[in-house]
Amino acid sequence: MTIKSFVAAALGTAFLTGCASLSQEPVGPDVISFDHGATDTLVALGFDEKIVAIPQTGLPEYLSGLSAGRPDAGNLKTPDLAVVRELAPDMVLVTGRQAESLEELQAITQVQDVSLLGDDYREAVQIRVLGLATLYGQLDEAGEKLDQLWRFVEEQRDGLAGSDPVAVVTHNQGKFSLRDEPVVFQLLNLEAPRVPEGVESVTRGTRVFTPVTPANLATMAPSHLFVVDRSAAIGDEPLDVDQLRRDLDAAGGGTIDVTVLSPELWYLSGGGLQSVRLQVEEVVDALR
């Protein structure tokens, strides 16, 4: 089922849950969510009690309060299938990260893919949030919260108008690749510097990477360099930011400001009512 058909199907669920609105108990499915953005959206809508377990490995700080009293459902890459079987939730929320476990999850319970799809990031977030909200009869509430989020984003974007170009990279085991980060370049409409000649993208499976070195970044000369530290997010050796600054300085990029973004928030989460706002705040705080 695609995310757009998810919205259509969930509208039917919203009708049924609306018929049960006199009940004292929250309506809608009990879930295990293997997507932190979907999780923070359910929390923002007031349905954290419907989340019966969470993957606690790599859990972002802003969701740490959910870990108390809930079973550990594994991690985003490898769900704990024994926990899923024991709890038998009404629904499991997944993305492409859980592809290797998808068939086993489908054998246990209903599985819903909540991946962000398409090139328009704002639209993708909107569709996912509304799809989740309709499962619980909260379409109007979600619409209001989305309006609040987009007004906040627009205010921040307007405040950054005219900013100098910025670059975003992913760090992985001492190497860097350019990151076409939609929060930065779509929502905040910041400009990216030109990529130097000789820097080429490579394809690995369905993913495209553009490796860069500190010398490449110095040539690009962004006013600010944002780093999403994948290594730190998954428990590997984090970036030595002082060494990166020394390498940039040696290549003539000593004036480039460097900010390492919250690893788990940016690499393991995003696309939710809470996470989008937190990401925007981090970027804006770094640039002001």
Side-chain angles (χ1 to χ4, degrees), residues 6 10 13-14 16-17 20-95 97-98 100-102 104-115 125 128-139 141-142 145 149 232-235 262-279 281-282:
F6 171 36
T13 304
L16 294 175
T17 57
S21 60
L22 295 179
S23 170
Q24 295 299 312
E25 293 297 324
V27 293
D30 288 336
V31 303
I32 297 177
S33 173
F34 289 98
D35 179 84
H36 295 321
T39 298
D40 77 50
T41 294
L42 294 180
V43 173
L45 292 173
F47 287 97
D48 46 302
E49 70 270 31
K50 305 301 289 183
I51 303 169
V52 298
I54 56 170
Q56 296 191 16
T57 301
L59 189 68
E61 177 62 29
Y62 78 102
L63 291 176
S64 61
L66 293 176
S67 60
R70 285 182 173 84
D72 184 357
N75 60 59
L76 296 184
K77 184 73 172 176
T78 311
D80 189 328
L81 297 172
V83 169
V84 178
R85 290 190 189 96
E86 179 181 356
L87 295 175
D90 301 314
M91 182 180 291
V92 172
L93 306 178
V94 301
T95 66
R97 275 192 168 110
Q98 297 82 41
E100 294 182 1
S101 302
L102 185 59
E104 292 168 293
L105 289 170
Q106 289 172 328
I108 300 171
T109 189
Q110 181 178 353
V111 174
Q112 176 58 56
D113 188 344
V114 294
S115 300
V125 171
R128 178 160 74 171
V129 169
L130 293 177
L132 290 166
T134 52
L135 293 174
Y136 299 91
Q138 291 291 328
L139 190 60
E141 174 77 8
K145 289 188 177 295
L149 175 62
I234 65 173
S262 298
E264 292 85 1
L265 171 63
W266 286 84
Y267 190 74
L268 299 178
S269 188
L273 285 173
Q274 295 184 61
S275 46
V276 168
R277 185 184 184 101
L278 289 170
Q279 290 173 332
E281 287 175 346
E282 278 205 1

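Basis for what follows: all heavy atoms, side chains included, without hydrogens, waters or symmetry-related copies. Residue numbers start at 1 and run along the sequence shown.
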(message) Could you report the tightest heavy-atom contact between Pro55 and Phe34, atom names first, then the distance?
(response) CG-CD2, 4.0 Å
Which pairs would a plain distance check flag for residues 79-86, meaning a side-chain donor or acceptor within less than 3.5 Å of a matching protein atom at least two apart in sequence or in another chain?
residue: Asp80; atom: OD1; partner: Ala82; partner atom: N; Å: 3.1
residue: Asp80; atom: OD1; partner: Val83; partner atom: N; Å: 3.3

(request) Pick out which of Leu105, Ile51, Val52 makes a side-chain contact (heavy atoms from CB on, under 4.5 Å) with Ile32. (result) Val52
(message) Do Leu135 and Met91 make a side-chain contact, defined as non-hydrogen atoms from C-beta onward lying under 4.5 Å apart?
(response) yes
I'd like a table of donor-acceptor pairs (distance under 3.5 Å, sequence neighbours excluded) in which one partner is a side-chain atom from residues 40-47, with atom names and distances.
residue: Asp40; atom: OD1; partner: Leu273; partner atom: N; Å: 3.2
residue: Asp40; atom: OD1; partner: Gln274; partner atom: N; Å: 2.9
residue: Asp40; atom: OD2; partner: Tyr62; partner atom: OH; Å: 2.6
residue: Asp40; atom: OD2; partner: Ser275; partner atom: N; Å: 3.3
residue: Asp40; atom: OD2; partner: Ser275; partner atom: OG; Å: 2.8
residue: Thr41; atom: OG1; partner: Gly37; partner atom: O; Å: 3.0
residue: Thr41; atom: OG1; partner: Leu273; partner atom: N; Å: 3.2

(request) Taking salt bridge (charged side-chain N to carboxylate O under 4.0 Å, His left out) as the test, write out the residues that go with Arg97, two or more places apart. (result) none
(request) Verify the distance criterion only: is there a donor paired with an acceptor across the side chains of Ser262 and Glu61 at less than 3.5 Å? (result) no
(request) Please name the pair of heavy atoms, one in Glu100 and one in Glu104, separated by the smallest distance, quoted to 0.1 Å. (result) O-OE1, 4.1 Å
(message) Test your reading of the model: is there a side-chain donor-acceptor pair from Thr78 to the backbone of Asn75, 3.5 Å cut-off?
(response) no
(request) Using a 4.5 Å cut-off on heavy atoms from C-beta on, say whether the side chain of Leu132 contacts that of Leu93. (result) yes
(request) Quick one: list whatever passes side-chain hydrogen bond (donor to acceptor under 3.5 Å, both in side chains) with Gln56, sequence neighbours left out. (result) none
(message) Run Leu76 and Gln98 through side chain to side chain contact (heavy atoms under 4.5 Å, CB included) and show every step you take.
(response) CA-CA 7 Å; Leu76 296 184; Gln98 297 82 41; 4.2 Å; yes
(message) Within the structure provided, determine whether Glu282 and Trp266 are in side-chain contact (heavy-atom separation under 4.5 Å).
(response) yes
(message) I'd like to check the side-chain hydrogen bond (donor to acceptor under 3.5 Å, both in side chains) partners of Thr95; sequence neighbours left out, ordered by chain and number.
(response) none
(message) Rounded to the nearest 0.5 Å, what separates atom CG in Asp72 from atom OG1 in Thr57?
(response) 5.5 Å
(message) Please give me the minimum heavy-atom distance between Ala38 and Val114, naming the atom from each residue.
(response) CB-CG2, 4.1 Å
(message) What I'd like to find out is whether the side chain of Asp35 reaches to under 4.5 Å of the side chain of Arg128, using heavy atoms alone.
(response) yes
(message) Using side-chain heavy atoms (C-beta onward) and a distance below 4.5 Å, is Val94 in contact with Gln106?
(response) no
(request) Rounded to the nearest 0.5 Å, what's the gap from CG on Leu59 to CD1 on Ile54? Could you check? (result) 4.5 Å
(message) Looking at every heavy atom in both Pro89 and Thr109, which two are closest together, and how far apart are they?
(response) O-OG1, 2.6 Å
(request) Identify, with sequence neighbours excluded, every residue that meets side-chain hydrogen bond (donor to acceptor under 3.5 Å, both in side chains) alongside Asp30. (result) Lys50
(message) Please give me the minimum heavy-atom distance between Ser269 and His36, naming the atom from each residue.
(response) OG-CB, 3.4 Å
